[in-house]
Structures are given as C-alpha cells and as structure tokens.
Amino acid sequence: MCSSFYMPLEQVVSADFDAEPIPFDEAFDKLFELRGRKHTPVGLVLVKEISMLMEEMSRHKRFAEMKVVGCTDNFGKEPPVQFNAGTFLLPNGDIVVLFRGTDDTLMGWLEDVDILVDDDIPSHHLALEYIAQVAEKFEGDIIVCGHSKGGYIAQYAALNSPKEIRDRIKAVYNNDGPGFSDYDYLNSEAYNEILPRYKHLVPQSSFIGMMLSHDDDYEVVKSNRVTGAMQHDLLSWQVEDDSVKKCEDMTTTGKVTDLVFHDLVSNLTPEESNAFGEVVGSVFEGIDQKGLLDVKNHFSESVRGGAKAWKELDPEVKKTFRKVIRGARKYVLDASRTVLKGEYKTVSERIEEEE
C-alpha cells in the first residue's frame, strides 16, 4: 500500500472526510483513465511499476474491497512542504492512515533537507491535524504507516497524538523512514507505550532509514538491489509467502551509513545547519523547476540556474557549507574504520556512552 500511494490518488479521491468513500478498484480505474490508461512514471524516481502494482492490487479482493477517502495534497514553497495523506477503510473495520513519502517535486526534497536541520517542519503539524480528523470521523482501530518521509511522519504522528488517539492505534509501520534530531524520544512515555505496536523496517544496507537518531528496534529486510539508496525502493524488498524476507543484521555499508549520519547531524552547529539549508534552498530556487523529471527535461537551463544561485550566495555561507561537506568526508572515513575494526556500537550503546 505504501508503494502504491505514490500514485496521485488525490486527483480522484476527495480530501473531504464527509465525502462518500470510494472503493479502491474504482479509485484506480478513475486515476488510470485520467492518466490516459497507460502505465507511466509518476516522476523521475517513481517508476511506472508503481502504477502496474496498483492495478494488480485493484484486481485482488483483499485490496479491491478497501474504500478510500480523505486524500490530501498540501504543497507549499515558504516554508517548503509536500504533505500527502490518505485514509483506507478496511472491510474488518480497521482504518489505515497512510502518509506519502517524498514525491518528485523539488519542494518535497527541500522539506527532506529541513528534516535534517530543523526540529519543526510543516508536515508535523499537518499530520497531527489529519490523524485527529480521522479519529473524530471514524470508529475502529487505526493503523498508521508510510515509506521514507511518510514513515517518519507516521511515527511522529503516532508519538505526538493525544493519548486517546494513541490508545486506538493498532500498529505503526515505518518503512525505511529516518529518525528524529535526538534520542530523547526513545525515553518518552509515548514511545514505550507504542513500541509493542511499532515496526521499523529497513533494508540490509539502509540509507534513508539510518538517518538521524533512530531506534534499536528496527527489523532488517532483504532487498534484491545492491546499494542502500536503491534498496530504499519498496519494490526491491523480497517477499516470502505473506511477509518480507528478514536478515539477521545490517551489512557493513548499512552500519557505516548509520554512524556517518549520527556523527554528522549530532556535530552540526546551528550556523552549519543554517548554511546547509540556505545553500540547498537557494540552488533549488535557482534551478526553478517543479520536479526532478522537469530538471531532466530542462537539464542545461536547470544547471545554469543552480550555478548562478550558488555564485550569488554570501561567501561566508559557502565557506561554512564547504566545511560541512569536508566534515562529511571525514565522518565516512572514521565510520568505515570503526565498522571494519568490529567496533560498531548500537544505538543503546551509543546513548549509554554519551551519558
């Protein structure tokens, strides 16, 4: 479901919770008709196989009998926000709240940068408002899930909703989504309360899921891709019978990535965080395209616009940005040595050491 939700269901399903929920197979058919009855990519990294998967799901009773409602589309520039959520009503009475991960838009990627450098992003507030609307409108157990940024948002919404909503949450699925800015949430009442119902799934060389301060309670799944960035694709996760195949541990690459992002983010100063965000934001604004596919189709002018924006940045900001990049290279080398020496520490061990 998380993979299929990268399809723009908001184009055929109302955001109004008072609207009549649409059967999933009917929603797909309407969307497929709108897209010319062709399986085409949703964006540069969102391949046509997502559309093909959604069609297959619509043909199976398990999914066809679901109903869909409340598909949102919140998109903004200042501050950058790309927030999409949908509600799926299951025949057994369960309610699935699904948050979309980063789509093809540059604003979506800019919001990802804000996740790295800012404790407060618009999607946090939108998610809490959304799940509150769902809880008020529908009765029954709630399942909260998402992939990538969607998994991150799902976890945030579950942990920060009022207790009366948390008590109704049956399960939380964070599929290779990053953690938060620090480890404090691991000691919170809400986290320990949700933990028995929480699933954090990451591929064996996870890249995105190892970002920031994450839990030790992740499960490692097997992907048929080689690198962590490519393993982020849910369609690469291997399935056996009715569940994904599990691995005993992360690969060396996954552990290195974990340490690099831990060291990088925990050592960033406010000045460095601001510089990083300013540089990326200015360059993206200079590129002046809506999405990654647009960048590909207008590559020359995009590069020129980005280069011009870089040149016009304050020299001190560029200097600080270069310092961050140099520091990242050092963290990669240090993390590689640590893992190869067999000195990799888990999250719990790191927290204990830092205290």
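- Ring-plane geometry between F17 and Y130 is classed as tilted, the angle between the planes lying from 30 to 60 degrees on a 0 to 90 degree scale.
- The main-chain N or O of E272 is never found under 3.5 Å from a side-chain atom of T320 such that the two would form a donor-acceptor pair.
- A salt bridge links R100 and E10; the closest N-O separation between the charged side-chain nitrogens and carboxylate oxygens is under 4.0 Å.
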Run the side chain to side chain donor-acceptor pair (under 3.5 Å) check on N174 and H147 step by step: do they pass? CA-CA 6 Å; N174 175 3; H147 168 249; over 6 Å; no

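- A donor-acceptor pair is defined here as one N or O able to donate and one able to accept, closer than 3.5 Å; no such pair exists between the side chain of N224 and the backbone of Q238.
- Cluster partners of V221, using a side-chain heavy-atom cutoff of under 4.5 Å among ILVMFWY residues and allowing indirect links, are L201, L234, W237, V239, V244.
- Taking the six-membered ring for Trp and thresholds of 30 and 60 degrees, F83 and F99 have ring planes inclined between 30 and 60 degrees apart.
- Between the side chain of R197 and the backbone N or O of I169 there is at least one donor-acceptor pair closer than 3.5 Å.
- We find the OH-CG distance between Y6 and N84 to be 10.0 Å, quoted to the nearest 0.5 Å.
- Identified under the salt bridge (charged side-chain N to carboxylate O under 4.0 Å, His left out) test for residues 49-58, with sequence neighbours left out: E55-R59, E56-R59.
- Screening D258, T252, D249 for a side-chain hydrogen bond (donor to acceptor under 3.5 Å, both in side chains) with Y344, the sole residue that qualifies is D258.
- Looking at K330 and D334, a side-chain N of the basic residue comes within less than 4.0 Å of a carboxylate O on the acidic one, giving a salt bridge.
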With ring pair (Phe, Tyr, Trp, His ring centres under 6.0 Å) as the test, would you mind laying out the steps for Y152 and H214 before giving the verdict? CA-CA 10 Å; Y152 162 84; H214 58 82; over 10 Å; no

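- The closest donor-acceptor contact from the side chain of D29 to the backbone of D25 lies at 3.5 Å or more, if one exists at all.
- Of the possible polar contacts, none joining the Q82 side chain to the F75 backbone as a donor-acceptor pair under 3.5 Å is found.
- Checked by atom type and distance alone, the side chain of H298 pairs as donor or acceptor with a backbone atom of D294 at under 3.5 Å.
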Do Y331 and F261 pass the ring pair (Phe, Tyr, Trp, His ring centres under 6.0 Å) test, and can you show the C-alpha distance, the side-chain angles, and the key distance before you say yes or no? CA-CA 8 Å; Y331 292 136; F261 278 107; over 10 Å; no

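- Donor-acceptor pairing under 3.5 Å is lacking for the side chains of H200 and N175.
- Atom CE of M54 is separated from atom CE of M1 by 9.5 Å, given to the nearest 0.5 angstrom.
- Using a 30° and 60° split on the angle between ring planes, F5 and F88 fall in the perpendicular class, above 60°.
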side-chain contact (heavy atoms from CB on, under 4.5 Å) between W109 and T105: does it pass, once the steps are laid out? CA-CA 7 Å; W109 289 80; T105 63; 5.7 Å; no

Does L268 form a side-chain contact (heavy atoms from CB on, under 4.5 Å) with V324? I'd like the steps, not just the answer. CA-CA 8 Å; L268 274 180; V324 172; 4.0 Å; yes

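- Salt-bridge formation is not detected for the pair D314/K319: no Lys NZ or Arg NE/NH1/NH2 atom is positioned less than 4.0 Å from an Asp or Glu carboxylate oxygen.
- Put simply, the residue from S236, S223, C247 that forms a side-chain contact (heavy atoms from CB on, under 4.5 Å) with P203 is S223.
- With rounding to the nearest 0.5 Å, the separation of CE in M107 from CG in D103 is 11.0 Å.
- A salt bridge links K170 with D94: the closest approach of a Lys/Arg side-chain nitrogen to an acidic carboxylate oxygen falls below 4.0 angstrom.
- Other residues, nucleotides and ligands contribute more than 12 heavy atoms inside 6.0 Å of the CD atom of E164.
- Around CZ of R62, the count of heavy atoms belonging to other residues, nucleotides or ligands within 6.0 Å does not exceed 12.
- A single hydrophobic cluster is not seen to contain both L235 and M230; linkage of ILVMFWY side chains at heavy-atom distances under 4.5 Å, directly or through other members, places them apart.
- In terms of modelled atom types and a separation under 3.5 Å, the side chain of D215 and the main chain of Y218 share a donor-acceptor contact.
- At distances below 3.5 Å, not a single donor-acceptor pair connects side-chain atoms of S148 with backbone N or O atoms of G150.
- S51 and R35 are not linked by any side-chain donor-acceptor pair at a separation below 3.5 angstrom, with hydrogens and angles left out of the test.
- Put simply, the side chain of R166 gets close to the backbone of S161: a donor and an acceptor are under 3.5 Å apart.
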